[in-house]
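Note sheet for the following structure.
Each chain gets a letter, A, B and so on, in the order the sequences are listed, and its residues count up from 1.
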Amino acid sequence: MERRFIIIDGSSLMYRAFFALPLLTSSEGIYTNAIMGFSNMLGKILTDYKPELIAVAFDKSRKTFRTDMYEAYKGQRAKTPDELKSQIPLLQEFLAALGIAFIEKDNYEADDIIGTLAKKSASEGYEVLIVTGDKDALQLIEPQVKVMLTRRGIMDMQIFDEEAFKEKYAGLEPKKLIDIKALMGDSSDNIPGVPGIGEKTALKLLTQLGDLENLLDNIDEVSGKKLKEKLEENKDLARLSYKLATIFCDVDVNFVPDEYKIAPDILKLQAFCDKYELKTVLNRMKKIFADEFKSDSEEELTLDFSANEMPQYQILNIDNIDEFKNDIKVQGKCSILMQTEGKVPDVNIKLMAICVSDKIGILKDDFALVNDILADENIIKNVYDVKSFYHAGLNLAGKINDVLLMAYLLEPAKRSYEMNVIRQIAEVEETTDYEQLKDEEKIAYDIQHLDEICKTLQEKLKDMQMDKLYQDIEFPLAKMLSDMEMVGIYINEAKLDEMNAQMNSELNLLEQDIYGLAGEMFNINSPKQLGEILFVKLGLPALKKTKTGYSTNAEVLENLIYAHPIISKILDYRLLNKLKTTYLDGLKALINPTTKRIHTTFNQTVTETGRLSSSEPNLQNIPVRTAEGKKIRSLFEPGEGYDQILSADYSQIELRIMAHMSEDKHFLEAFRNNQDIHQATAAQVFNVPIDEVTPQMRSRAKAVNFGIIYGISPFGLAKNLHISPKEAGEYIDNYLRECSGVKQFMEKIVQQAHEKGYVTTLFGRRRYLPAIKSRNFTQRSLAERMAMNTPIQGTAADIIKIAMNRASDAIKKAGLKSRILLQVHDELVLEVVDKEIEQVSEILREAMQNTAKLKVPLTIDINYGKNWAEAK
DNA sequence: TACGTCACG
DNA sequence: ACGTACGTGACGTAC
């Protein structure tokens, strides 16, 4: 057995747990959310790591509460320090019942105790895992000491060993965290650091000169005059910071293994949980310590499990699978769930559950046993997230009900569609404390009601007339998206590296120029520091404020461009820095080492309008508008065996949909005659012949057309055109008077939203807008603009989704090698071979232009070239 | 975690 | 008097 010692930072984890959960109270009014969160975390660690020894360290001073956090806390009444402190005795009581050592020492922080214990136990051969929410502890990492950090909330953990640390901190050793802190400081720990040095500079200096002492001895070697001065002036402060940042590993605590063995006392635990009404905590702990408790009190244990209605399941294998399959064939349907691991295109199945009638089976390794069931087109399958099945290489046939996609269509405004959310959408009650279950139990629990959930969701879809939307659009699209994701897109890494080096040197020059013009070093990336420099030190006029300070966005800066030479440098710096960090660094990190391609995720259940979104990386916002940006786009090239990147994009699809829906006669006519729509609009609203429309008139008309799509308002248009709201209002009035069809349509759609509470697309996709009844002007106005925009944006999304399905089928049917790689809302991007270009173009025209029979034609433009930038 | 900023349609 | 153009995702800073 492994000798594993887990040391928990009680202070920081209580604090995290306190914030992660809503404020809970027992009926006697005692706060219990921190203890609840803490016990969840403890339970998970005990189950996952089964440590031999465990200890919880605490700050004796208990000054573990930063006022800034709870003041900023939103969504409910702010939590107070007293509410946290009152839960500390509960934690002590809880740990005493579990027989877990609780250590605190006068004048020492939890970190110091942890450091000391880690050092001593490691030297006696223990594998140490420190669990904390405080990054400081990373300096304690050694070959035998790892640190587990909580990220968001408390249950999301990340383990750091030496390697992981180096990856995060520019290859530096964990011990160097102290040197980093000594330079950059830490406001939350009251470590001053050297003013003007942030993480970026600290890492650069330490990579160059090793450690703080060596750096302070060799300040000459540092580049940048200002930086040198700063270091020179603040030597003592840096040394003091170093001391403050160092965790003291020589506290007077002895490491006696026996003191840290876990010795739970069932009666005490029961009394504790009864007193504070922590039933789920008791159940969880009983399950974990089932063996210990069995000998003591058999009865308690049976009582315990009757509290939860857990499904019974069997582990399936070659010997018992046939009976299961027989049942499925007789029923003609089954439910299948799985858990996967790995990233596209290397996805493996971790766990699979299969359910027929009330029988639940779990497969742990030989997943191929059910391949014939999956491929049987006579068997209906209920699943969750069909795209992940395709990712795992499974061949699915027969009617597939994906509860994820169905739930999204029913309620597209949900932030997530975990199974518990879907149960709620299907109005199926949860009969257990779901979050407390282990993986295997969760999947068994999820699958037992899947058929019932599915039936409800299907009925709802049918009632709302969205069953076709599921069957004809969203479900087939999942396969298409999976194919695109797995194929990925090739990016020229050598060119990317070259561009990165080039941008780095340009950024360094700009940085120096900016520091020179400002007269000091500061963090250009910090809007706060930048605002201070521009509007206080340099005394430039502050034109706009944000809720936290001065606004420094591009619009503000452009207005100041003649006021000071620093402004244009900052704009250039921002542009280049954005391109480098988001695109060059961001894309490089996501190149798959095996395929050398980038595999984005197309999210099918994110937007409220029905659009797709793309993430990790987002390939729907690759630069195109500036010359510098186009260089990034030019990195995307056809992969091996392909000749060109081809782009097919809809021309003015949203305005065409608006024309169709509103039946405005001017728009219908302009599109039917294939006119330049903005020019035609200008002629109409400015009442001039079409060939007398000036470029300015056209660009104003264009802005108004955009405004119409977004849900027009004088303020928005005024801002966009840099005119007064009054003047903008006149434009709008004029426009709506001339285009009365548009006006009627917009009024009708807002009225419909009021009456029904939702708006729909041409294909029946629905978006609820409850705020439309709000008495708050801002919220109601926003809902009204959404009511106008969603049918247009959403219909465009429906149309391109259908087109993708059709195009993909046609390409497959024609047996072509060319393939679709990306969708960018109104554009499809393909890699093609030269000899197929004509045929592919023909297929795309047919698939995209004839998707929907609108009252105006839908047209596409096709372009191709040696890279994505040239396919324009 | 929240905010500001900026990339795209 | 109020105070916004619609829909996204990623990065960096500061809290």
Side-chain angles (χ1 to χ4, degrees), chain A residues 16 19-20 66-75 151-153 186-188 198-200 523-531 546-557 571 574-575 577-583 585-587 589-590 600-601 603 606-626 628-629 632-633 649-650 653-654 703-704 706-721 725 728 732 767 775-794 796-797 800 823-827:
Chain A
R16 293 279 176 144
F19 274 109
R66 276 158 45 200
T67 45
D68 53 314
M69 291 286 282
Y70 73 83
E71 274 165 10
Y73 196 81
K74 273 187 180 169
R151 297 186 294 189
R152 287 162 282 143
D186 182 344
S187 57
S188 69
E199 180 168 331
K200 213 167 112 186
N523 190 340
I524 308 168
N525 294 319
S526 160
K528 192 176 167 230
Q529 292 182 36
L530 180 62
T546 65
K547 63 175 111 169
T548 51
Y550 304 110
S551 172
T552 65
N553 67 23
E555 196 195 335
V556 171
L557 296 187
L571 284 167
R574 281 248 179 99
L575 176 76
N577 196 48
K578 175 83 179 180
L579 294 180
K580 184 184 137 51
T581 55
T582 304
Y583 297 104
D585 298 344
L587 289 174
L590 290 165
T600 184
T601 302
N603 310 297
V606 166
T607 73
E608 293 192 45
T609 54
R611 273 190 176 181
L612 298 176
S613 86
S614 154
S615 57
E616 283 184 287
N618 181 353
L619 291 184
Q620 290 179 321
N621 73 346
I622 300 302
V624 69
R625 290 170 190 170
T626 64
E628 288 295 325
I632 306 250
R633 195 165 272 229
D649 67 300
Y650 280 107
I653 186 167
E654 295 192 338
V704 183
F706 267 100
I708 291 291
I709 290 171
Y710 293 154
I712 197 84
S713 87
F715 281 86
L717 183 64
K719 202 172 144 218
N720 189 285
L721 283 180
I732 293 167
R767 183 183 187 182
R775 270 87 62 211
N776 177 317
F777 173 85
T778 310
Q779 287 178 20
R780 187 177 64 249
S781 303
L782 178 61
E784 285 170 357
R785 292 196 296 275
M786 288 173 176
M788 296 186 258
N789 171 262
T790 299
I792 298 171
Q793 192 185 112
I800 195 164
Q823 185 251 46
V824 192
H825 309 307
D826 65 354
E827 173 190 15

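Dashed line: the shortest gap from a side-chain N or O of A:Thr778 to OP1 or OP2 of C:dT4 is not under 4.0 Å. One finds a side-chain N or O of A:Arg767 lying less than 4.0 angstrom from the OP1 or OP2 phosphate oxygen of C:dG7.
Taking atom P in both B:dT5 and C:dC2, one finds a spacing of 23 Å when rounded to whole Å. C:dA5 and B:dA2 have their C1' atoms separated by 23 Å, given to the nearest Å. Nucleotides B:dC6 and C:dA1 have their C1' atoms positioned 32 Å apart, rounded to a whole Å.
In this structure, A:Leu612 places its CG atom 12 Å from P of C:dT8, rounding to the nearest Å. In this structure, A:Gln823 places its CD atom 14 Å from P of C:dT8, rounding to the nearest Å. Atoms CG (A:Leu619) and C1' (C:dT8) sit 14 Å apart, rounded to a whole Å. For A:Ile712 and C:dG3, the CD1 to P distance is 21 Å, given to the nearest whole Å. Protein atom CZ of A:Arg785 is 9 Å distant from nucleotide atom P of C:dT4, rounded to whole Å. Atom P of nucleotide C:dT4 and atom CG of A:Leu717 are separated by 16 Å, given to the nearest angstrom. Spacing between atom CD1 of A:Ile524 and atom C1' of C:dA14 amounts to 18 Å, rounded to whole angstrom units. Here the C1' atom of nucleotide C:dG3 and the CZ atom of A:Arg780 are 13 Å apart, to the nearest Å.
Here A:Asp585 pairs with A:Asn500, A:Lys580 under the side chain to side chain donor-acceptor pair (under 3.5 Å) rule; sequence neighbours left out. Not counting sequence neighbours, the partners of A:Ser713 by the side chain to side chain contact (heavy atoms under 4.5 Å, CB included) test are A:Phe715. Residues satisfying the salt bridge (Lys or Arg N to Asp or Glu O under 4.0 Å) test with A:Arg611, not counting sequence neighbours, are A:Glu654. With sequence neighbours excluded, the residues that form a side chain to side chain donor-acceptor pair (under 3.5 Å) with A:Ser613 are A:Asn603. Applying the salt bridge (Lys or Arg N to Asp or Glu O under 4.0 Å) criterion to A:Lys578, with sequence neighbours excluded, gives no partner residue. Residues that satisfy the salt bridge (Lys or Arg N to Asp or Glu O under 4.0 Å) test with A:Glu628, not counting sequence neighbours, are A:Lys631. Partners of A:Asn553 by side chain to side chain contact (heavy atoms under 4.5 Å, CB included), not counting sequence neighbours, listed by chain and number: A:Lys544, A:Ser551, A:Glu555, A:Val556.
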Treat a base pair as Watson-Crick or G-U wobble with both distances under 3.5 Å, then lay out DNA chain C in dot-bracket form, 5' to 3', with | for cross-strand pairs.
.....|||||||||.
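Using a 4.0 Å heavy-atom criterion, one finds that A:Asn523 contacts the sugar-phosphate atoms exclusively. Residue-level contact check: A:Ser781 touches neither bases nor backbone, having no heavy atom under 4.0 Å from any strand. Backbone-only contact: A:Met786 has heavy atoms under 4.0 Å from sugar-phosphate atoms and none from a base. Within 4.0 Å (heavy atoms only), A:Ile709 reaches no atom of the nucleic acid at all. Heavy atoms of A:Ala703 sit under 4.0 angstrom from at least one base atom.
Under the 3.5 Å distance criterion, with hydrogens and angles disregarded, no donor-acceptor pair is assigned to the side chains of A:Thr790 and A:Arg785. Side chain to side chain, A:Ser614 and A:Thr600 meet the donor-acceptor criterion of an N or O pair below 3.5 Å.
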Pair A:Glu616-A:Thr601, side-chain hydrogen bond (donor to acceptor under 3.5 Å, both in side chains): steps then yes or no:
CA-CA 6 Å; A:Glu616 283 184 287; A:Thr601 302; 5.3 Å; no
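Ranking C:dG3, C:dA5, C:dC11 by closeness to the A:Phe715 side chain, first place goes to C:dG3. Side-chain proximity of A:Ser613 to the nucleotides C:dG12, C:dG9, C:dG7 is greatest for C:dG9.
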Do nucleotides 4-9 of chain B as a string where each nucleotide becomes B, S or -: B if the base has a protein heavy atom under 4.0 Å, S if just the sugar-phosphate does, - if no protein is that close.
SSBBBB
